[in-house]
Amino acid sequence: MSDLLLHLPRLARVEPDSLSACFDGLTPQQRAAVEHGAGPLLVLAGPGSGKTRVITRRIAARIAQGVPAWTILALTFSNKAAREMRTRVESLCGSRATGRGGPTISTFHAFSAQLLRRFGGSSLAAGLGTAPLRDDFSILDADDAATALRQAISDSGLDPKQWRASTVASHISRAKNQLWIAAEHAANASDFLERTVAKVHAAYERETARQNALDFDDLLTRCARMLRDDVELRAELQQRYVEVLVDEYQDTNHSQFVIASLLAQQHRNICVVGDPDQSIYGWRGADLSNILEFEKHFPRAAIVPLGENFRSTGHIVATAARLILHNGKRRHKELHTSLGDGATVEVVRLDNEIAEAERVAQTIERQHAEGMPLREMAVLMRMNALTRVVEDSLRRRNIPCVIARGTAFFERREVRDALAYLRLIANPLDEVSLQRIVNVPARGIGGTTMQRIGNAAVLRRISLLDAMQQARSLGITERTAKAIDGFVALVVRARSELDVKPAANLGGFVSRVLLETGLGRAAAASAETEEEGAEREANVTEVANAAALHEMPEGDPSAAPPTLGDALRSFLQSVALVADADAIDPEKGAVTLMTLHASKGLEFDSIFIIGLEEGLLPHARSLGSPDEVEEERRLLYVGITRARRHLLLTTCAARTVRGLQERTIESGFLREIAGEGVVSSDEADGVGQMRVREPSVMRRFGSAGSESGAAPRPALPAAGVGGSRQMPAGIRVGTVVRHAQFGVGRITALLPRGSMTSVEVDFRPGGRRTLVLEYARLEIVAGS
DNA sequence: TTGACCAGTGTTTTT
DNA sequence: CACTGGTCAA
């Protein structure tokens, strides 16, 4: 199944029942980790050091030592990682690891959702402190959550222009990660901004509670709170989980830390595996100190470093090591490999993204002709948006490629509409879904009507769907009322089947419901071309197919057989929790295109990383803070270490941004990796650069002068660093500047910082911030 | 109520 | 550029 399996032929020889087989072929360090008995264990696993192997062998070893399989809990981040781990444990342990008697191997989110469904109904702690959670809650994806949040913002009487949903969302997310509910958020808010956000948080909380819906953060936060506050339940689960293992521990956030550590508290057998240098989810709340301070959290923990890299050849390992040395927040590991130097790492500079894509495609073609399978090659990039050009180049050469975007299908409008119907049927309080599809396909129930019904619902304290049933008493025309009746009847009828039919009917049920909605035909009709229409219709059908194929997770053996409703909820949950990385299937004979984030945990013979430019990698959004730049560096580190034998990095002299070609500045990271085993070449000839726009004024601040246009290409050593630089005119203490994110503020200090300059700016509502002048894109509002 | 058109806007990464 | 939210006329 998995690509990793293909490269571990030794696994096949393992005797399922013998403990010693679990140690077969391990290095002494790996063996130490697998062998470790009771007590906390931290495995610091460098890239390619056999991390997955250690964790799966360890599970197998514990089972062989007599720990009952069902008392083992392994938590991962992606479904794919969970699936892979399960497969490997099963192949090691055979029947003892399968089915309901086997270990629990799940993602944090799915595990939390499971616990909340099972126990949230009887545990006050799972709710908001007043009412328990219902077990038929919906899971809001990021988009739905944003919709609900926008609603909450306007409900709070705030100007949606000034309070952007994305900004507010990240503040609320941070609060939830502290395990705060809105009331606690408000109690802990110390400034105007946070107090306002807390108000929105409260409105959002009310709104989602009314709709019986949880967002991604809620799943973790509520689960952590339930475990923290419900003493009885906690004791029961602590009793059950004798061994807790966490994969990719460097990416756990506070909620996840609380969940894992509370569950492991009684038996104290917690084994975490991770690499601080590969932490790339800080923006999502990942807390590096979880892994950096593991021994503080779990005194007397054993620590096993795995530094030997079995994946990549020498120059690749050395390049990665050189890069990561520039980070401050880390735990140093000596990386080494015994695979020999291998091929040199190539760095190529091209004119623009088209030349870049062509260069990559050409190299892929050549390597393929030399015998490398396409599935052994991957192109990595900072943003999904960069895939398009590469895709075009590959297509033109008839090189098949797959884009690792597992969520892409579920982002299609018609698919989301179909799922909204199903979610409404599963949870009639789900107004985000109701509003979404009440008039899709158009049936004459417009905004005014829904507004009126909404008001009535609030007034009469009933749900929107119930209010719709009373449409005639609201002075709604007969014609519209008929349409409403039809819609409500559809939902109610479908819903009546949920408790009476068995789970096995899911596929037929979904297909019938979707047919009845007329969604497929409507989606087809709204398309511009015939093909597009057919595709949309097929997508709707595909939802039914997916439902038919859905497998329920192993349930409690003592519980009643699952109903259609159980199956529907389970299906919707699995659909809500898919990830991009889940779509990666290396069995296909195709080149994989994906983001650097999605590449974590994978490996390929040949890796291409494109777009090594300032503003892209490191990404512009990270440049204000040194911590975030370190994370960008780790991101590149992750990318580099995916490669087994070949690595090509590309950078462009110009790149099209928002439809305009802009001059770029080579990524500073390229300078950091320069050294033995890295060969750079400049293949930019300047020809494709006719329409190049000079970098914008804001970006030009501080970078070595290219204003004159005299130097159409910056010298190869990265610009933006080194060279003489003057302060942009007018920047001094007292200058009033505007920042895209923080607004208007006054400069309070200028500090030299290495080759750059830090400015301290006092933003009135946002407080005081230190920004890197060269990167902050400050706009001068007024002099001192 | 609908659909068409416009203007503005924002741009990372994802469970 | 691509997308969304909003506005306006039929």
Side-chain angles (χ1 to χ4, degrees), chain A residues 75-82 106-113 139-143 145-147 150 154 160-161 164-167 169-170 173 177 214-221 248 251-253 255-256 279-286 380-388 404-408 410-411 413 438-451 476-477 479-480 483 526 573-583 594-600 611 615-623 628 631-632 634-636 638-639 656-662 740-741:
Chain A
L75 294 168
T76 65
F77 279 79
S78 69
N79 298 301
K80 179 166 185 286
S106 177
T107 65
F108 271 103
H109 285 86
F111 178 72
S112 300
I139 298 175
L140 299 176
D141 66 25
D143 238 57
T147 306
R150 271 192 292 274
S154 65
K161 289 230 166 78
R164 242 167 244 316
S166 56
T167 318
S170 79
S173 179
N177 199 20
L214 299 184
D215 63 26
F216 290 144
D217 287 328
D218 290 332
L219 291 176
L220 301 177
T221 301
E248 307 282 12
D251 284 324
T252 48
N253 65 21
S255 311
Q256 289 162 328
S279 169
I280 53 175
Y281 286 106
W283 51 273
R284 204 170 77 183
L380 312 182
M381 51 219 103
R382 183 61 177 78
M383 301 190 285
N384 279 307
L386 300 186
T387 50
R388 185 156 287 169
R405 288 222 67 201
T407 53
F410 297 100
E411 283 164 9
R413 166 177 266 136
V438 67
N439 203 28
V440 179
R443 43 171 80 86
I445 310 174
T448 327
T449 306
M450 288 311 289
Q451 193 72 52
I476 282 166
T477 61
R479 184 192 166 84
T480 310
S526 67
Q573 172 174 316
S574 73
V575 159
L577 298 178
V578 289
D580 284 349
D582 295 339
M594 67 190 136
T595 62
L596 287 158
H597 282 91
S599 76
K600 192 176 73 165
L616 208 46
L617 185 62
H619 194 274
R621 297 290 290 256
S622 73
L623 294 171
E628 286 177 46
E631 181 152 309
E632 297 289 308
R634 290 193 292 266
L635 201 46
L636 177 57
V638 166
T656 308
V657 186
R658 265 172 293 169
L660 288 166
Q661 277 217 355
E662 260 194 66
Q741 201 180 339

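Just so it is clear, the structure is predicted and the values come from calculations on it, not from any experiment. The sequence lines fix the lettering, A, B, ..., with proteins before strands; numbering per chain opens at 1.
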[atom1] of [X] versus [atom2] of [N]: gap in Å, rounded?
X	N	atom1	atom2	value
A:Ile139	B:dT14	CD1	P	19 Å
A:Glu631	B:dT14	CD	C1'	12 Å
A:Leu380	B:dT14	CG	C1'	16 Å
A:Asn439	B:dG3	CG	C1'	12 Å
A:Leu616	B:dT12	CG	P	11 Å
A:Leu635	B:dT14	CG	P	10 Å
A:Leu140	B:dT15	CG	P	17 Å
A:Leu386	C:dA2	CG	P	14 Å

Does any part of the side chain of [Y], heavy atoms only, come nearer than 4.5 Å to the side chain of [X], both counted from C-beta?
X	Y	result
A:His619	A:Met383	yes
A:Met381	A:Leu617	no
A:Thr76	A:Phe108	no

Which nucleotide in the list [options] gets nearest to the side chain of [X]?
X	options	answer
A:Ala442	B:dT13, B:dT15, B:dT2	B:dT2
A:Met383	B:dT14, B:dT12, B:dT15	B:dT12
A:Thr448	B:dT1, B:dT14, B:dT12	B:dT1
A:Arg164	B:dT12, B:dT1, B:dG10	B:dG10
A:Arg388	C:dA2, B:dT1, B:dT14	C:dA2
A:Phe216	B:dT15, B:dT2, B:dT14	B:dT15

- Task: Find which nucleotide of DNA chain B each of A:Ala576 and A:Thr449 is nearest to by heavy atoms, and output the residue with the more 5' nucleotide.
- Result: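 Here A:Thr449 is the residue nearer the 5' end.
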- By nearest nucleotide on DNA chain B, pick out whichever of A:Asp217 and A:Thr480 is the more 5' one. A:Thr480
- Kindly confirm whether the side-chain ring of A:Phe77 is stacked on the base of B:dT15, judged by centres under 5.5 Å and planes under 30°. no
- Item | Centroid under 5.5 Å and tilt under 30°, A:His619 to B:dT12 |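 Yes; by the centre-distance and plane-angle rule, A:His619 counts as stacking on B:dT12.
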- Query: Just by distance, do the side chain of A:Arg634 and the backbone of A:Ile280 share a donor-acceptor pair under 3.5 Å?
  - Reply: no
- Message: Checking the side chain of A:Asp217 only, and the main-chain atoms of A:Asn177 only, is there a donor and an acceptor separated by less than 3.5 Å?
- Response: no
Hey, is the side chain of [X] poking within less than 4.0 Å of OP1 or OP2 on [N], counting only N and O atoms?
X	N	value
A:Asn79	B:dT15	no
A:Asn253	B:dT15	no
A:Thr595	B:dT13	no

- With heavy atoms under 4.0 Å as the rule, sort A:Phe108 into base, sugar-phosphate or nothing. nothing
- Indicate, with a heavy-atom threshold strictly under 4.0 Å, whether A:Arg413 touches base, sugar-phosphate, or nothing. nothing
- Query: Cut-off 3.5 Å, side chains only: do A:Thr480 and A:Thr477 have a donor facing an acceptor?
  - Reply: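 A pair is found: one side chain offers a donor N or O, the other an acceptor, under 3.5 Å apart.
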